2 protein chains.
Amino acid sequence: MTRIVEPEAGPRSKRAAILTAAVDCFGEAGFDATKWSTVAERVGIGQTALYHYFESKTHCLLTIMRLELERSHDRFVEATKGAEDPVEALRAAVRAAYDVSPQEVLQMRILQNHMDLLSGTRRSKREEAERVAARQLVQVVERDWTNLLVKGMSQGAFPLRDAQLLGSSVLGLIVSVWRWYRPSGPTPLAEISELIEGACVRMVAT
Amino acid sequence: MTRIVEPEAGPRSKRAAILTAAVDCFGEAGFDATKWSTVAERVGIGQTALYHYFESKTHCLLTIMRLELERSHDRFVEATKGAEDPVEALRAAVRAAYDVSPQEVLQMRILQNHMDLLSGTRRSKREEAERVAARQLVQVVERDWTNLLVKGMSQGAFPLRDAQLLGSSVLGLIVSVWRWYRPSGPTPLAEISELIEGACVRMVAT
DNA sequence: CCTCAACCTGAGTTCAGTTCAGTTTGGTTC
DNA sequence: GAACCAAACTGAACTGAACTCAGGTTGAGG
């Protein structure tokens with residue numbers, strides 16, 4: 001478990017600005033559809049300056065994905081740490097998953113649309129480091145949900161089932177929303193959150 | 001609703017061979033990671049010959065996705081046409097969704113990994129035609145599931161809920177499996193099918 | 001004010017995808 | 001069985017976006 005040390009920002013670093021611009025572009029237009037030079041333009045630097053911060057367009061994408069995974073994990077821990085009752089913990093975790101800013105919606109969309117990148121190994125060092133870190137975080141998040149189910153089953157709050165498989169399924173159900181959800185769409189996120197919360201509880205606790 | 005007429009195969013057409021090779025490559029290595037020329041090699045033709053059958057690499061991908069969506073829809077209709085009881089219809093539909101060949105597993109994986117392509121419009125005619133057809137088929141498949149739920153609710157077999165949202169969720173849960181499932185993995189598809197079948201019934205019918 | 005690392009740039013390279021300008025193949029017609 | 005022609009194919013050239021290179025600029029700390 002090699003953690004990536006976030007490059008500490010020099011006072012005139014544009015790393016954060018690049019990430020923000022990239023999230024906007026990749027999230028709205030899609031990774032392939034957005035030119036790397038467009039991101040540079042939006043930040044107000046030449047294209048080659050991007051390579052001072054990221055080894056490649058893909059390296060930037062993988063960084064966005066890792067950061068989003070870290071965020072998801074942190075929010076899960078935060079949301080469930082207080083709850084005693086497994087059903088309440090599950091509900092809190094689902095609500096936390098949908099308690100996100102518009103920027104974070106884009107990040108989740110990007111993450112979901114490019115999960116397949118985490119399978120194959122990458123050529124360059126820093127890309128591969130981000131990939132491995134992200135892959136590990138996926139497992140961490142999966143373990144988060146699985147552990148929640150295991151605890152509930154052992155306490156008798158949930159019927160006994162394959163916790164690993166059911167955990168992945170619950171997670172899959174929750175994140176599948178990000179493939180189609182649009183803030184401008186007809187369904188508000190609160191409504192989605194509520195329906196999915198109920199669905200998860202029925203899936204697990206019935 | 002403009003249906004795409006499948007180019008009827010001349011006796012020495014390699015279209016089918018190209019599609020098969022492309023599904024293997026795109027499914028195993030990923031679309032971006034596989035060189036278009038590799039597909040040509042595997043079929044045993046020069047790279048430029050590919051353009052006799054597909055306008056572009058992406059056009060081929062979109063065709064694969066459309067064909068898979070058509071298949072999914074057909075299987076759903078086939079599986080549910082006999083069933084009277086809504087719960088049995090739901091169970092049959094889920095089982096049908098996982099009753100697939102290894103080739104079809106790859107096709108589902110490709111479809112899931114590139115759903116985002118269906119959002120933005122395409123430059124070229126034939127690509128755009130495939131994209132629109134695929135997008136429509138996504139809606140058809142969503143309607144398949146939603147209608148199943150509506151029927152069940154009106155018959156009193158399922159409690160009343162937002163059928164559209166719940167339908168998308170059920171579908172999302174089912175297809176989320178294709179992101180991580182590998183035939184070589186530890187969990188057999190039969191086991192997954194069974195767990196998801198139960199989960200869907202509890203989600204919808206409880 | 002001097003220094004040096006962080007930050008940036010324009011010009012050039014690469015390479016996969018694609019286009020072009022034809023050539024081959026084999027079934028059909030007379 | 002020769003002529004024809006559309007489907008099938010090819011090698012060479014082109015394109016454009018990602019990336020490299022060889023330096024130039026800037027500003028915070030000494």
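Throughout, protein chains are lettered first and strands after them, A, B, ... in sequence-line order, and every chain is numbered starting at 1. Since the model is a prediction, treat every value here as computed from it, not as a measurement.
One can place OH of A:Y51 at 18 Å from P of C:dG12, the figure rounded to the nearest angstrom. Atoms CH2 (B:W36) and P (C:dG17) sit 9 Å apart, rounded to a whole Å. One atom, NE2 of B:H59, and another, C1' of C:dA16, lie 19 Å apart when rounded to the nearest Å. Distance, B:K57 NZ to C:dC15 P: 16 Å, rounded to whole Å. Between the CG atom of B:L50 and the C1' atom of C:dA16 there is a distance of 13 Å, given to the nearest Å. Remark: C1' of C:dT18 and CD of B:Q47 are 10 Å apart, rounded to the nearest angstrom. At whole-Å resolution of the value, CD in B:E55 and P in C:dC20 are 12 Å apart.
Every residue meeting the ring pair (Phe, Tyr, Trp, His ring centres under 6.0 Å) condition with B:F31, not counting sequence neighbours, appears here in chain and number order: B:F26, B:H114.
Counted by atom type alone, A:Q164 and A:T146 present zero donor-acceptor pairs between their side chains at under 3.5 Å.
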(message) Under the criterion salt bridge (charged side-chain N to carboxylate O under 4.0 Å, His left out), I'd like the reasoning laid out for A:R126 against A:E130: C-alpha separation, chi angles, the key distance, then a yes or no.
(response) CA-CA 6 Å; A:R126 296 168 67 198; A:E130 289 287 4; over 6 Å; no
(request) With salt bridge (charged side-chain N to carboxylate O under 4.0 Å, His left out) as the test, would you mind laying out the steps for B:R131 and B:E128 before giving the verdict? (result) CA-CA 5 Å; B:R131 186 191 73 85; B:E128 179 63 7; 2.8 Å; yes
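Closest non-hydrogen pair, B:L148 versus B:F158, comes out as O-CE1, 3.9 Å. The minimum heavy-atom distance between A:I110 and A:G27, with the atom names listed, is CD1-N, 3.6 Å.
The aromatic rings of A:Y98 and A:W178 are tilted relative to each other, their planes meeting at an angle between 30° and 60°.
Nucleic acid contact class of A:Y53 (heavy atoms, under 4.0 Å, all strands): sugar-phosphate only.
If you walk DNA chain D from 5' to 3' and mark each nucleotide with an atom closer than 4.0 Å to a heavy atom of chain A, the marks span D:dA17 to D:dA28.
Across the interface with DNA chain C, nearest-nucleotide mapping of A:G46 and B:E127 shows A:G46 to be the residue nearer the 5′ end.
For the pair A:R122/A:S56, no side-chain contact is recorded, criterion being any heavy-atom separation below 4.5 Å from C-beta on. Using a 4.5 Å heavy-atom threshold, the side chains of A:V132 and A:T121 count as separate.
Considering only the side chain of A:H52, C:dC8 comes nearest among C:dA11, C:dT18, C:dC8.
Against DNA chain C, the stretch residues 27-35 of chain A makes no heavy-atom approach under 4.0 Å.
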